[in-house]
4 protein chains.
Amino acid sequence: MIISIDAASGLAIYDQIVRQIKFAIASEVLLPGELIPSVREMAKQTAVNPNTVSRAYRELQSEGILDIVRGTGLQVTTGAVRKCRKDRQGLIQERLRAVLKEAQQSQLEVDEIRQLIDSELARLNGKGTAE
Amino acid sequence: MIISIDAASGLAIYDQIVRQIKFAIASEVLLPGELIPSVREMAKQTAVNPNTVSRAYRELQSEGILDIVRGTGLQVTTGAVRKCRKDRQGLIQERLRAVLKEAQQSQLEVDEIRQLIDSELARLNGKGTAE
Amino acid sequence: MIISIDAASGLAIYDQIVRQIKFAIASEVLLPGELIPSVREMAKQTAVNPNTVSRAYRELQSEGILDIVRGTGLQVTTGAVRKCRKDRQGLIQERLRAVLKEAQQSQLEVDEIRQLIDSELARLNGKGTAE
Amino acid sequence: MIISIDAASGLAIYDQIVRQIKFAIASEVLLPGELIPSVREMAKQTAVNPNTVSRAYRELQSEGILDIVRGTGLQVTTGAVRKCRKDRQGLIQERLRAVLKEAQQSQLEVDEIRQLIDSELARLNGKGTAE
DNA sequence: GTGGTCTAGACCACC
DNA sequence: GTGGTCTAGACCACG
């Protein structure tokens, strides 16, 4: 599982971690029962302070998505997949809605918005395919 | 000009005001030379703290989009339209890109993403038409 | 509202704060709509690090007991009283149960346990009355 | 001797073991000279990590309650009974005091607290009798 | 002034 | 090794 942090995005780092882990579980990159990377390991991998990682993990625990195995690590719970699947679309939708609402408010022509969307999707796919 | 604030969106309120005023100028809802609503009036209309409105106006002044007319108020500068037009697409694109990138990272099927986009666009247009 | 922290109790400090605030709300010492003491003020009063207070407040927020009023402080929500009332007995019961279970396991005579309870209750009441 | 561990209680597992062994000695369920269950056996019986059991035993050794018999195991020392008897009431009292103090702080009516205590005692006795 | 976030570094309990 | 807790101190956004 690869977590990529964009410190300049304006989104809280801990929240980026939370969301990406939910997505990983939703798409079964992380499976129930599996141990997620340790706080220290994730901190090293993402170049983020361990406390920040810990906060993200705590959040996931309080949502019932992770379970502590004392002295061993944090485990994906059995109910996590369903919960994360359910969350995934909502998380994306929420942000998408805000952006599209703003796009509309900007009085850009609908065509221009669609064009922007298409070019960005193409850009992402191109990138994804290229790598 | 109607400014609508979404306090729950997590986005900075002053920034929502800044962006929406830029959009209003770009689409010539606000014209050069025109006075924008006073801090007090805008604060009342948007139910936002006057200090926050003031901060947004200060930001726009420092970008050369608004001009102080002593004893009268703030007016849109002559160069504002071109500047805001130039900004508009970039501001939207930046946010759109971040959202679509996350959508892709979430491993949602491209079809599902497109579906979400279409349903949100329809929702917005429906709302816009209805009102 | 007075929060008293016992650092030697073994209970997490943030949790002591959470519980005592819940109790204050349950017994209407803190009322819905009221602002609770600021993070810095509470930190000063309890001689605890502001981060620790902040964590307690965040926990209460995520349980829907506190609400943020941007730039102003944290407010007791309208639903908080019911929620805290419901929690209160459970929180006490949980700890009481554990202690009594251990007391029983210790093979102390039931009479001895009752005697201990009575003497502790008397001690507390005496103290409470005296002060 | 039956040791029952409550992993969800938040109390240190090794301490639960220490205390219950002390109680067993105080009530002469474990007699001086007797060998206590091996680390491995105790670990199996309680479903606890052997290291944790080992730590508890080490603690009891350092308090002079257990004695190592080389190649054989750990036995209860002759002075243990007196020591554990002396400790027992204090250990219970300490916890009881903390819980009752919190109960009082919670502004629950004294009657309600007594009711809780009685129902918990009844519950425990009922359970104890049933088994 | 308010809370939110992040970093850095410490100590503890458990495996 | 694991996570949990706490402290100290910095910076930001909002009112």
Side-chain angles (χ1 to χ4, degrees), chain A residues 5 7 10-17 35-43 46-62 66-75, chain B residues 5 7 10-18 39 43 47-56 59, chain C residues 5 7 10-17 35-43 46-62 66-75, chain D residues 5 7 10-18 39 43 47-56 59:
Chain A
I5 299 302
L11 275 174
I13 292 174
Y14 82 90
D15 199 40
Q16 295 182 47
I17 298 175
L35 290 174
I36 63 168
S38 77
V39 169
R40 290 159 174 89
E41 193 186 320
M42 178 64 81
T46 53
V48 155
N49 187 286
N51 262 324
T52 304
V53 176
S54 182
R55 175 165 175 193
Y57 285 7
R58 201 187 312 136
E59 174 78 22
L60 289 163
Q61 258 184 90
S62 77
L66 297 182
D67 226 9
I68 192 171
V69 186
R70 290 172 67 143
T72 304
L74 292 162
Q75 199 181 38
Chain B
I5 299 302
L11 298 170
I13 290 172
Y14 85 96
D15 199 43
Q16 295 182 47
I17 297 174
V18 166
V39 168
V48 154
N49 188 294
N51 273 322
T52 304
V53 175
S54 179
R55 170 156 182 202
E59 172 81 20
Chain C
I5 299 301
L11 274 174
I13 291 174
Y14 82 91
D15 199 42
Q16 295 181 48
I17 297 175
L35 290 173
I36 63 168
S38 78
V39 169
R40 291 160 174 88
E41 193 187 319
M42 178 65 80
T46 52
V48 155
N49 188 286
N51 262 324
T52 304
V53 176
S54 183
R55 173 164 178 195
Y57 285 7
R58 201 188 314 137
E59 174 78 23
L60 289 163
Q61 259 184 90
S62 77
L66 296 182
D67 226 9
I68 191 170
V69 186
R70 289 172 64 145
T72 303
L74 292 162
Q75 198 180 40
Chain D
I5 300 301
L11 298 170
I13 290 173
Y14 86 94
D15 199 42
Q16 294 183 47
I17 298 175
V18 167
V39 168
V48 155
N49 188 293
N51 273 322
T52 305
V53 175
S54 180
R55 168 153 183 206
E59 172 81 21

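Chain letters run A, B, ... following the sequence lines, proteins first, then strands; residues in each count from 1.
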(message) For E:dA8, give the paired nucleotide (Watson-Crick: N1-N3 plus N6-O4 or O6-N4; G-U: N1-O2 and O6-N3; both under 3.5 Å), or none.
(response) F:dT7
(request) Starting from P on F:dA10, measure out to CG on A:N49 and report it in whole angstrom. (result) 16 Å
(request) Could you check how far CG of A:N51 sits from P of F:dT7, rounded to whole Å? (result) 13 Å
(message) Can a donor-acceptor pair be found, under 3.5 Å and without considering hydrogens, that links the side chain of C:Q16 to the backbone of C:L11?
(response) yes
(request) Starting from P on E:dG3, measure out to CG on C:D67 and report it in whole angstrom. (result) 14 Å
(message) Expressed as a whole number of angstroms, how long is the span from C:R58:CZ to E:dT5:P?
(response) 7 Å
(message) Please compare B:V48 and C:T52 by the position of their nearest nucleotide in DNA chain F and report the one closer to 5'.
(response) C:T52
Provide a list of protein-nucleic acid N or O atom pairs under 3.5 angstrom, restricted to nucleotides 11-13 of chain F.
none

(message) Output the rounded distance in Å from CG (C:D15) to C1' (F:dG4).
(response) 12 Å
(message) For F:dG3 and A:T72 - does any side-chain N or O of the residue sit under 4.0 Å from the phosphate oxygens OP1/OP2?
(response) no
(request) Could you check how far CD of C:Q61 sits from C1' of E:dG3, rounded to whole Å? (result) 8 Å
(message) Just the rounded figure in Å: distance from P of F:dT2 to CD of A:E41.
(response) 8 Å
(message) Can you measure B:E59 atom CD to F:dC14 atom P for me and round it to whole angstrom units?
(response) 11 Å
(message) Can you tell me if C:S54 touches the phosphate of E:dG3, counting only side-chain N or O atoms and a distance under 4.0 Å to OP1 or OP2?
(response) no
